[in-house]
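What follows is a set of notes on a single structure, which appears directly below.
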Amino acid sequence: MKKNTQTLIEHALAARKKAYAPYSKYKVGAALLTATGEIYEGCNVENAAYGLCMCAERTAVFKAVSEGVREFSAIAVATENGGSPCGSCRQVLREFAPNLTVIITDVAGNFRETTLAQLLPDSFGPEHLPETSE
Ligand code: THU
């Protein structure tokens with residue numbers, strides 16, 4: 001296993017412990033590796049108004065982007081049973097990192113590695129819009 005992979009998995013598992021998931025009880029942690037080697041962690045944050053629940057992956061992306069960081073090379077996602085990132089998170093990740101490596105792990109550290117392109121084929125992105133300002 002690559003050192004980066006192991007480190008990212010450890011961060012995702014640590015982030016998962018901070019999840020606020022009193023309704024689903026399904027804790028998720030994410031660790032997003034930037035192009036310059038920094039790691040942004042995220043966890044799912046639920047709400048009594050269920051529709052406002054936020055996923056771990058998007059928490060990590062929004063943390064990074066709001067700090068001015070937009071280039072990413074990999075993300076690790078940790079759940080109890082190795083669940084895969086939801087469609088909304090795939091689309092949000094795709095905005096910034098169409099070539100992202102995605103590592104999906106369970107709590108025991110059993111993991112698999114895939115890519116965002118595999119998880120979200122033939123995807124829509126900024127380049128499909130006629131004009132973008134940023
Ligand atoms: N969840 C994530 O954090 N990431 C995903 O990709 C799938 C779902 C969260 C949302 C909610 O808090 C809980 O898992 C159950 O759906």
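All ligand and atom numbering here is 1-based and tracks the order in the structure.
Counting Ile, Leu, Val, Met, Phe, Trp and Tyr side chains that sit under 4.5 Å apart, directly or through other members, Val69 shares a hydrophobic cluster with Tyr26, Val28, Leu32, Tyr40, Met54, Val61, Phe62, Val65, Phe72, Ile75, Val77, Val92, Leu93, Phe96, Leu100, Val102, Ile104, Leu116, Leu119.
Partners of Tyr20 under the ring-ring contact (aromatic ring centres under 6.0 Å, His included) rule, at least two apart in sequence or in another chain, do not exist in this structure.
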Between ligand 1 and the protein, which N/O pairs fall short of 3.5 Å?
unit_1	atom_1	unit_2	atom_2	d
ligand 1	3 (O)	Ala56	N	2.9
ligand 1	4 (N)	Glu57	OE1	2.8
ligand 1	6 (O)	Glu57	OE1	3.4
ligand 1	6 (O)	Glu57	OE2	2.8
ligand 1	6 (O)	Cys86	N	2.8
ligand 1	12 (O)	Asn44	ND2	2.9
ligand 1	12 (O)	Glu46	OE2	2.5

Practice problem: Might you work through the side chain to side chain contact (heavy atoms under 4.5 Å, CB included) test for Cys86 and Glu57, ending with a clear yes or no? | Solution: CA-CA 9 Å; Cys86 81; Glu57 299 91 322; over 6 Å; no
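Under a 4.0 Å N-O distance rule, the pair Arg94/Glu127 qualifies as a salt bridge.
Summarising the local packing, CD of Glu95 is surrounded by more than 12 heavy atoms from other residues, nucleotides or ligands at distances under 6.0 Å.
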Could you list the donor-acceptor pairs under 3.5 angstrom formed by side chains in residues 10-17, with sequence neighbours left out?
unit_1	atom_1	unit_2	atom_2	d
Glu10	OE2	Gln6	NE2	2.8
His11	ND1	Glu41	OE2	2.7
Arg16	NE	Lys27	O	3.1

